[in-house]
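Report on one structure; see the data block that follows.
Naming convention: chains lettered A, B, ... in sequence-line order (proteins, then strands); numbering from 1 in each chain.
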Number of protein chains: 2
Amino acid sequence: MTTIADVAKRAGVSPVTVSRVINSASNVNPATRDKVERAIRELHYVPNSAARSLRSKRTNAIALLVPDITNPFWTTVARGVEDAAQSGGYSILLCNTDEDPTKQLHYLDVVISRRVDGVIIAPYSADARKLKRLREREIPTVVVDRRIQGWEVDTVIGDSISGARALVKHLIDLGHQRIAVLSGPLNTSSAEDRVTGYTIALTEAGIPIDRRMIRRGEFKTSSGETLTNQLLDEGLRPTAIFATNNSIALGVVDAVDQRGLRIPQDIALVSFDDIPHLSHVFPFLTVAVQPAYEMGIKAAQLLLSRLNGEQDSQPCQIVLPTCLIVRYSCGGKPDDINLPFRKDILPEKKVPVQPLSLEERRELLRRIPGLKLPAYC
Amino acid sequence: MTTIADVAKRAGVSPVTVSRVINSASNVNPATRDKVERAIRELHYVPNSAARSLRSKRTNAIALLVPDITNPFWTTVARGVEDAAQSGGYSILLCNTDEDPTKQLHYLDVVISRRVDGVIIAPYSADARKLKRLREREIPTVVVDRRIQGWEVDTVIGDSISGARALVKHLIDLGHQRIAVLSGPLNTSSAEDRVTGYTIALTEAGIPIDRRMIRRGEFKTSSGETLTNQLLDEGLRPTAIFATNNSIALGVVDAVDQRGLRIPQDIALVSFDDIPHLSHVFPFLTVAVQPAYEMGIKAAQLLLSRLNGEQDSQPCQIVLPTCLIVRYSCGGKPDDINLPFRKDILPEKKVPVQPLSLEERRELLRRIPGLKLPAYC
DNA sequence: TTGTAAGCGTTATCAT
DNA sequence: ATGATAACGCTTACAA
């Protein structure tokens with residue numbers, strides 16, 4: 001395989017000069033540059049990045065650790081990351097962690113072994129100790145979609161609290177009083193923030209919190225199904241369910257379907273995160289959406305700016321606004337529509353979600369004793 | 001950062017011995033191994049893979065080049081690839097080409113520069129010359145989803161011809177005679193094979209081919225929309241449309257919707273490739289599906305077996321069977337169902353697709369003069 | 001502007 | 001079973 005020495009020989013210069021051309025150093029004579037570039041072309045020379053990395057201590061690669069690329073939310077985030085990374089000259093190492101501690105740990109070792117320049121991660125836990133390896137080695141890191149406790153690290157998240165609050169408020173406005181929430185893992189901030197938003201909305205409406213209506217599982221369809229079954233088996237008779245992510249929502253649909261119940265006639269359903277192509281063909285599910293693509297772009301841009309030292313040294317937290325998309329799944333629409341759907345019959349309404357105001361925040365902290373409101377909202 | 005020399009010193013052995021331990025060489029004294037492993041743990045040593053790669057000429061990485069990870073088909077393939085690669089100790093370099101020649105070329109350079117051990121690619125064109133760089137450098141390659149002309153290379157594809165034939169036959173059985181097909185790029189075998197399947201089904205039913213009913217665009221929603229509009233504007237009055245991929249199908253839905261027409265009452269729709277979560281909530285679209293996850297797994301396994309030299313030297317072509325999933329979108333169901341859907345009201349039927357038999361093949365070649373049937377079916 | 005020399009951290013090769 | 005030595009292909013530091 002052609003090396004830099006071959007090119008140098010052909011161009012009649014030293015390897016260093018070729019290196020300078022490759023790295024677009026300024027101090028190269030244009031004529032020399034031409035010679036070298038011709039030699040590179042003629043020999044189809046492509047530098048060996050292992051060798052470059054070994055010497056330069058940079059890999060021009062970043063790792064992306066997400067729970068599951070198969071979830072359309074993560075797919076979209078990944079695409080954003082890839083686009084931004086690519087245009088900055090970085091490659092992406094893709095890692096699915098499945099929210100699995102062992103897998104995440106394994107991948108952190110891969111990340112360290114490969115000496116990637118930076119990491120974008122949606123960690124399975126808010127516990128900073130799980131990311132010790134990254135921190136110890138001072139690998140530039142951006143956490144996405146979730147907040148971390150115990151480590152001031154760059155973070156890009158959606159405003160889950162306000163989104164959830166808006167979603168539940170919407171249900172309440174439609175007359176629902178018995179609303180259940182199906183949350184994800186306890187130590188995952190996005191799951192918890194959505195429960196917080198739920199609590200806020202109920203409190204603001206003067207509806208007492210029934211702890212039995214708050215369920216926690218995993219961000220998985222199977223979990224949504226199980227939790228729904230438990231909920232309905234216990235005879236709590238919720239009139240609406242808030243699924244804290246799209247996978248859980250699908251599980252709710254399944255469980256409700258199996259019981260011969262109907263959405264929204266028998267039970268309403270809202271969800272955090274959309275199911276992209278579904279809305280396209282069947283504008284059904286009322287959801288709070290985060291700008292997933294932008295989240296990916298922003299995370300990558302933030303990381304790259306760190307790598308280039310363009311950023312001030314303070315870790316930052318970027319909070320992206322959410323939108324409420326009101327569709328059919330909580331009722332309020334005729335239920336005798338012919339198949340298939342036309343968007344003029346099943347219109348959808350997209351509304352930006354307002355974050356909590358300072359007064360609302362203060363008021364809430366007063367009214368709800370145990371409430372922990374993260375700084376971001 | 002800790003190096004192999006640090007570990008060696010601590011364990012009181014030479015770096016080579018540490019290397020042997022890392023690489024689980026057999027000829028290491030168990031006691032020595034223990035000492036080394038302890039030292040590794042104590043120092044939190046993780047080998048530098050750039051250095052390893054430079055010396056060993058292996059990167060333990062493979063590149064995955066797909067059109068767009070955002071398309072659920074590719075998402076699923078990617079997940080399969082990642083799972084298989086991970087369990088073989090390989091990392092994945094993710095590259096979205098957007099079916100764009102420039103992007104693909106760019107990524108081929110990245111691939112070469114990074115000296116990945118192998119490549120899994122869905123190339124934007126069947127022209128082998130576009131992959132010259134891979135071939136010249138003898139980078140082990142598996143082509144997925146598409147056939148390549150002019151290069152005998154490992155390939156994993158779905159049986160597009162039989163799938164398309166089954167899909168169109170289904171339409172014909174329901175009484176459709178004026179069926180349009182919206183295909184993808186001319187030089188993409190999956191697109192062309194699906195048109196071939198279409199042609200076969202019509203011919204077998206004795207329906208003459210109307211060239212105006214065959215449209216070609218891109219595998220994009222916008223393209224599906226445009227093509228549908230053109231088709232309908234020209235007054236060809238198709239009673240059914242066959243979209244050759246899921247993105248195109250979504251464009252058809254849009255266009256039909258905008259005209260105030262309904263699927264399937266006014267026009268039927270079938271598609272190649274499912275839209276995963278859609279079917280979950282709204283079992284609507286009749287489709288031919290390929291086992292996308294298995295395609296990813298198979299492609300990665302094939303590649304890894306090449307890398308490990310476990311395979312005979314012949315390039316091979318793996319053809320995965322397709323299934324027909326019959327749902328609502330071509331009619332034959334009541335159209336006065338209340339929202340939302342219950343799967344017992346909108347049942348779906350999944351049928352394995354039979355490949356063309358030898359006799360059928362022979363018969364077809366006789367009846368259709370210009371027909372080019374690829375070897376795989 | 002260009003070149004020389006050294007070294008990045010590992011493993012292949014050969015020797016013991 | 002273990003070690004010494006060199007080399008992988010490049011870039012940094014310094015010199016000219």
Side-chain angles (χ1 to χ4, degrees), chain A residues 1-37 39-40 43-61 89 109-117 137, chain B residues 1-40 43-61 89 91 109-117 137:
Chain A
M1 183 139 291
T2 324
T3 73
I4 202 169
D6 301 326
V7 176
K9 188 177 285 177
R10 174 135 193 162
V13 297
S14 79
V16 201
T17 304
V18 178
S19 174
R20 290 197 181 101
V21 171
I22 294 168
N23 295 289
S24 347
S26 53
N27 50 348
V28 180
N29 186 308
T32 313
R33 178 180 301 274
D34 279 354
K35 269 194 304 185
V36 171
E37 281 172 346
I40 288 177
L43 296 175
H44 299 300
Y45 169 70
V46 181
N48 178 326
S49 46
R52 304 180 83 172
S53 299
L54 181 57
R55 185 64 244 235
S56 68
K57 314 260 182 214
R58 310 181 66 248
T59 52
N60 280 295
D109 271 347
V110 171
V111 152
I112 292 165
S113 170
R114 296 205 177 267
R115 306 291 197 269
V116 297
D117 295 333
R137 298 186 188 244
Chain B
M1 183 138 291
T2 325
T3 72
I4 202 169
D6 302 327
V7 177
K9 187 177 288 178
R10 175 139 195 158
V13 297
S14 79
V16 199
T17 304
V18 179
S19 173
R20 289 199 180 97
V21 172
I22 294 169
N23 295 289
S24 347
S26 54
N27 49 347
V28 180
N29 186 310
T32 313
R33 178 179 301 276
D34 279 354
K35 272 193 302 183
V36 171
E37 281 172 347
R38 187 163 344 108
I40 288 177
L43 297 175
H44 300 298
Y45 167 71
V46 182
N48 179 325
S49 46
R52 303 181 84 174
S53 299
L54 180 58
R55 184 66 246 232
S56 69
K57 314 261 182 213
R58 309 182 66 248
T59 52
N60 281 295
S91 302
D109 271 346
V110 171
V111 152
I112 292 165
S113 170
R114 295 206 177 267
R115 307 290 197 268
V116 296
D117 295 333
R137 295 182 190 249

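- Here the straight-line distance linking atom CD1 of A/Ile4 with atom CG of A/Leu43 works out to 12.0 Å at 0.5 Å rounding.
- Residue A/Thr17 holds its OG1 atom at 11.0 Å from CD1 of A/Ile22, rounded to the nearest 0.5 Å.
- Residues passing the side chain to side chain contact (heavy atoms under 4.5 Å, CB included) test with B/Ser56 are B/Arg58, sequence neighbours excluded.
- Comparing the axis of the opening five pairs of the helix from C/dT1-D/dA16 to C/dT16-D/dA1 with that of the closing five pairs yields an angle of 30°, rounded to 10°.
- The salt bridge (Lys or Arg N to Asp or Glu O under 4.0 Å) test applied to B/Asp109 returns B/Arg133, not counting sequence neighbours.
- Two residues, A/Ser49 and B/Thr17, neighbour DNA chain D, and the one matched to the more 5' nucleotide by heavy-atom proximity is B/Thr17.
- For DNA chain D, the residues of residues 24-39 of chain B within the heavy-atom distance limit of 4.0 Å (strictly under) are B/Asn27, B/Val28, B/Asn29, B/Thr32, sorted by number.
- Under a 3.5 Å cut-off, the side chain of A/Ser49 and the backbone N or O of B/Ser113 do form a donor-acceptor pair.
- Taking atom NZ of residue B/Lys57 and atom C1' of nucleotide D/dC8, one finds them 5 Å apart after rounding to whole Å.
- At most 12 heavy atoms of other shown residues, nucleotides or ligands fall within 6.0 angstrom of atom NZ in A/Lys9.
- Here A/Arg114 pairs with B/Ser91 under the side chain to side chain donor-acceptor pair (under 3.5 Å) rule; sequence neighbours left out.
- The distance between atom CZ of A/Arg58 and atom P of D/dC10, rounded to the nearest whole Å, is 17 Å.
- For the atom pair B/Tyr45 OH and B/Met1 CE, the distance stands at 11.0 Å (nearest 0.5 Å).
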Measure all distances between protein nitrogen or oxygen atoms and nitrogen or oxygen atoms of nucleotides 11-13 of chain D, and list the pairs falling under 3.5 Å.
residue : atom : partner : partner atom : Å
D/dT11  : OP1  : A/Asn23 : ND2          : 3.2
D/dT11  : OP1  : A/Arg52 : NE           : 2.8
D/dT11  : OP1  : A/Arg52 : NH2          : 3.3
D/dT11  : OP2  : A/Ser19 : OG           : 2.7
D/dT11  : O2   : A/Arg55 : NH1          : 3.0

List the atom pairs, donor and acceptor, that lie under 3.5 Å between side-chain atoms in residues 27-34 of chain A and the rest of the protein, sequence neighbours left out.
residue : atom : partner : partner atom : Å
A/Asn29 : OD1  : A/Ala31 : N            : 2.8
A/Arg33 : NH2  : A/Ala25 : O            : 2.8

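- Where DNA chain C meets chain A (any atom under 4.0 Å from a heavy atom), the bounding nucleotides read 5' to 3' are C/dT1 to C/dG9.
- No side-chain heavy atom of B/Asn48 sits under 4.5 Å from any side-chain heavy atom of B/Thr3.
- A donor-acceptor contact shorter than 3.5 Å links the side chain of A/Arg115 to the backbone of A/Ile112.
- Taking A/Asp117 as the reference, A/Thr59 meet the side chain to side chain donor-acceptor pair (under 3.5 Å) condition, with sequence neighbours excluded.
- By the salt bridge (Lys or Arg N to Asp or Glu O under 4.0 Å) test, B/Arg10 pairs with B/Glu42, sequence neighbours left out.
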